[in-house]
Amino acid sequence: MKRIYKKLFQSVKNRILLIFFGCVVLPSLLFIGIFIHSYSSYILESTISEKQNVLQEINKSINQYFTGYKDTSMNIYYNSSIISYLNSEDYETKSDYIGTFLSGIVNSEKYIAAAVMEVGENVYQAGYNYLELDSWLERWRPEILERKGRVVWIPTEQFQCSYGQKPYQFVMARAVNSPDKSIGVLLFFVSSDLFKDCFDNPAFQKKDTAFYLITDDCHIVTSNQEGAAATVEDTPLFRQVLETVKGNFVYQDRNSGEKSIVVCEKSSVSGWTLVTVTKEKEAYSKLHTIWKMAGVIGCLYAGFMLLAYYILSVYVFRPVSRLGKGMKEVSAGEFRHIEEEKDGKGADEISHVTRRYNEMVDQIENLMAEIRLEEEAKNAERIKVLSMQISPHFVYNTLNTIKWMAAANRQDNISRMIESLIKMMVSVTYYTNDEITLKEELELLDCYIYIQKMRFMNFEVKYEIADELLEYKVNKLVLQPFVENSILYAFKEKEDMGIITIRADKKDDCLEIEVQDNGSGFDLQRIEQSHNENKRRDHVGIKNVSERIRLNYGEKYGIRIESSADSGTIISIRLPLIKD
């Protein structure tokens with residue numbers, strides 16, 4: 001997570017783009033999303049509300065017709081002639097009044113296409129002449145009689161009539177009762193045109209809305225869908241409608257996955273259920289337009305971000321990246337100019353900074369060149385001075401020794417002393433290379449020790465150095481000052497023999513040379529104070545060696561002194577491992 005965060009926010013251009021996306025694009029898309037969600041909820045609620053209002057009006061209209069037909073059917077009990085005939089229990093003789101009564105109903109009611117009354121063995125009929133009426137009655141008579149006078153609404157069927165007529169009609173039926181039993185049935189065959197007039201509403205003229213009037217056994221009484229009336233559709237949709245009875249829900253087809261908004265209401269008169277099914281994609285057609293607009297806006301935003309990215313890359317990101325790369329190179333010690341924009345692109349603040357940066361690089365490079373030359377000259381002079389500082393000091397002591405011995409003893413070994421002195425002076429004076437092998441350094445040290453032995457007889461020098469280390473390079477005369485200090489100062493008041501041990505070893509990729517004596521030792525603070533105050537020149541060689549090592553090899557290398565009164569002294573010299 002931290003790596004992703006750094007990758008995203010480490011770059012300035014990523015930050016600018018993320019800020020723009022977070023402050024402009026994201027709020028806009030969020031607003032569009034909230035608006036679309038709110039609008040879709042509004043569409044759903046308004047669609048449901050509209051369909052519920054329409055269903056209520058249609059249900060009210062149909063119930064008025066159905067209630068009127070129920071009341072009309074009850075008129076047989078208010079006609080004295082018909083009631084006398086029904087109470088007489090003499091049904092072999094036909095009644096003229098019943099036929100007249102039925103004809104009056106058919107003629108007075110617009111949608112009643114036929115009226116049939118069966119009493120005993122007599123069948124009275126007005127209106128359409130149905131060819132298969134007997135078989136139809138056989139099918140429905142038990143259910144009608146079972147209701148004992150209560151109305152039975154029989155769903156729409158296509159009937160066969162005289163003259164080739166095939167009307168779609170539904171039936172209102174009820175049993176005809178005498179005082180003590182049911183003696184027949186009364187049927188009103190109602191034309192399905194009644195529903196067409198009831199459904200003469202703009203809401204049902206839309207292609208996106210399907211209307212159904214269904215019974216409890218999923219028989220479709222009427223519908224605005226062609227070929228759906230007078231059929232039985234036992235589908236999951238209609239089963240869910242019958243479970244809901246009244247209300248609404250969103251139905252999703254299991255096969256196609258298409259969603260529909262379903263509103264239903266059950267008739268309190270017929271018991272049939274009115275259903276409207278509205279395709280969701282049609283209801284949300286305006287929302288789809290908004291989605292398209294949102295897509296266009298999103299594409300415009302994407303195009304704008306790409307254009308902004310290109311412009312910022314050319315005029316901001318690329319110049320800033322070049323500046324950053326240039327500064328990184330400067331920190332690594334590479335001083336290069338940053339290429340400036342051409343063709344009039346270099347008039348902005350970044351180009352101004354780029355020019356100033358190039359000028360700064362030139363100035364830094366010039367200053368560093370001057371400092372480098374100055375430091376090289378200083379170091380060369382300092383090394384020369386340091387080297388020369390050792391020689392006069394040594395020559396003075398040596399000549400004193402020769403003078404003393406020549407005057408006192410006139411011994412033959414004076415010749416050897418002079419030879420040793422010449423060898424050392426030649427090494428210091430004529431060989432300007434400051435680095436020699438450890439083997440050569442030890443040879444020069446032997447010359448110096450031989451000279452000093454002519455004056456001081458109270459010391460011995462031991463070497464504990466492996467042959468493989470003799471080929472490593474060291475500073476010339478790096479050991480002589482420390483041996484000199486041991487001879488002149490460490491053994492000055494020593495009664496027994498002084499021993500100087502010189503060791504060499506490789507440690508941590510460095511060459512460490514150790515000069516140890518068993519002399520009287522000294523106080524380190526006093527020595528440092530004398531160096532700082534520059535009041536004594538006794539230990540000038542130590543300081544010279546330390547300075548030479550630092551100038552030649554750096555701060556990592558140098559000398560370390562361990563000494564205390566009456567405990568001897570250990571000088572550790574740390575040098576790099578250098579071979580030819």
Side-chain angles (χ1 to χ4, degrees), residues 62-63 65-162 165-192 194 215-217 219 221 230 267 269-272:
I62 292 175
N63 286 342
Y65 279 109
F66 285 10
T67 301
Y69 296 153
K70 288 173 65 177
D71 294 340
T72 300
S73 66
M74 290 296 293
N75 287 337
I76 60 173
Y77 297 110
Y78 303 124
N79 188 311
S80 58
S81 299
I82 295 176
I83 201 66
S84 297
Y85 176 74
L86 295 177
N87 293 334
S88 66
E89 298 186 359
D90 181 14
Y91 307 126
E92 294 182 359
T93 305
K94 271 195 171 186
S95 171
D96 297 331
Y97 299 108
I98 294 177
T100 304
F101 172 76
L102 297 178
S103 297
I105 292 174
V106 172
N107 293 329
S108 62
E109 295 291 343
K110 178 180 178 181
Y111 297 110
I112 295 181
V116 175
M117 187 171 177
E118 181 188 53
V119 180
E121 299 295 329
N122 299 317
V123 177
Y124 304 90
Q125 186 171 348
Y128 279 92
N129 183 24
Y130 300 101
L131 301 180
E132 299 178 356
L133 181 61
D134 291 339
S135 61
W136 188 89
L137 282 171
E138 287 294 330
R139 180 155 51 95
W140 288 101
R141 186 183 291 111
E143 184 177 345
I144 297 170
L145 294 177
E146 185 181 355
R147 300 296 296 273
K148 296 180 181 180
R150 291 192 300 274
V151 171
V152 178
W153 297 95
I154 301 173
T156 302
E157 294 184 31
Q158 187 177 24
F159 292 91
Q160 299 289 334
C161 303
S162 301
Q165 294 175 314
K166 297 180 179 180
Y168 284 92
Q169 298 170 350
F170 67 94
V171 178
M172 188 215 77
R174 70 189 316 162
V176 177
N177 299 324
S178 66
D180 54 352
K181 62 180 179 178
S182 296
I183 58 175
V185 294
L186 174 63
L187 309 172
F188 288 166
F189 290 82
V190 185
S191 174
S192 59
L194 177 146
T215 65
D216 290 343
D217 57 358
H219 193 117
V221 178
S267 171
V269 178
S270 63
W272 295 341

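In this structure, Ala173 and Ile144 approach most closely via the heavy-atom pair CB-CD1, 3.5 Å. Residue Ile82 comes nearest to Ile76 through the heavy atom pair CG2-O, 3.7 Å, listed as atom of the first residue, atom of the second, then distance. Residue Val106 comes nearest to Ala126 through the heavy atom pair CG2-O, 3.7 Å, listed as atom of the first residue, atom of the second, then distance. Across all non-hydrogen atoms, the minimal contact from Pro155 to Val221 is CB-CG2, 4.0 Å. Nearest approach of Phe189 to Val116, heavy atoms of both residues: CE1-CG2, 3.7 Å. Of all the heavy atoms in Lys94 and Tyr124, the pair that sits closest is CA-OH, 3.3 Å.
By the side-chain contact (heavy atoms from CB on, under 4.5 Å) test, Glu143 pairs with Trp140, Val152, sequence neighbours left out. Scored by the side-chain hydrogen bond (donor to acceptor under 3.5 Å, both in side chains) test, Tyr91 finds no partners at all (sequence neighbours excluded). Here Ser162 pairs with Asn129 under the side-chain hydrogen bond (donor to acceptor under 3.5 Å, both in side chains) rule; sequence neighbours left out. Looking at residues two or more places apart in sequence or on another chain, you find a side-chain hydrogen bond (donor to acceptor under 3.5 Å, both in side chains) between Ser270 and Ser267. Under the salt bridge (Lys or Arg N to Asp or Glu O under 4.0 Å) criterion, Asp216 pairs with Lys266, sequence neighbours left out. Partners of Gln160 by side-chain hydrogen bond (donor to acceptor under 3.5 Å, both in side chains), not counting sequence neighbours: none found. Every residue meeting the side-chain contact (heavy atoms from CB on, under 4.5 Å) condition with Asp217, not counting sequence neighbours, appears here in chain and number order: Thr215, His219. For Glu121, there are no salt bridge (Lys or Arg N to Asp or Glu O under 4.0 Å) partners, not counting sequence neighbours.
Of the inter-residue distances, the one linking Gln165 atom CD with Leu131 atom CG reads 10.0 Å to the nearest 0.5 angstrom. Here CE of Met117 is found 10.5 Å from CG of Asn122. Values are rounded to the nearest 0.5 Å. Remark: Asn79 CG to Met74 CE distance equals 13.0 Å, nearest 0.5 Å. Here the OH-OG1 distance, from Tyr168 to Thr156, works out to 10.0 Å after rounding to the nearest 0.5 Å. Atom CG in Leu194 sits 7.0 Å away from atom CD1 in Ile62 (nearest 0.5 Å).
Contact check for Leu187 versus Leu137: side-chain heavy atoms found under the 4.5 Å cut-off. Contact annotation: the side chain of Cys161 approaches that of Pro167 to within less than 4.5 Å [non-hydrogen atoms, C-beta and beyond]. No side-chain heavy atom of Tyr69 sits less than 4.5 Å from a side-chain heavy atom of Val151. In this structure, the side chains of Tyr78 and Asn75 come closer than 4.5 Å at one or more pairs of heavy atoms. Looking at heavy atoms from C-beta onward, Ile98 lies in side-chain contact with Leu102 at the 4.5 angstrom threshold.
Within the structure, side-chain hydrogen bond (donor to acceptor under 3.5 Å, both in side chains) pairs that include any residue of residues 95-117 comprise Tyr111-Asp197 (at least two apart or interchain). Applying the salt bridge (charged side-chain N to carboxylate O under 4.0 Å, His left out) test to every pair with at least one member in residues 145-161, sequence neighbours left out, gives these pairs: Arg139-Glu157. Among residues at least two apart or in separate chains, side-chain hydrogen bond (donor to acceptor under 3.5 Å, both in side chains) pairs with a member in residues 169-178 are Ser73-Arg174, Tyr130-Gln169, Asn177-Ser182, Ser178-Asp180. Screening residues 126-135 for salt bridge (charged side-chain N to carboxylate O under 4.0 Å, His left out) gives no qualifying pairs among residues at least two apart or on separate chains.
Between Phe66 and Phe170, the angle of the ring planes lies from 30° to 60°, which puts this pair in the tilted group.
A centroid separation of 6.0 Å or more is found between the aromatic rings of Phe159 and Tyr128.
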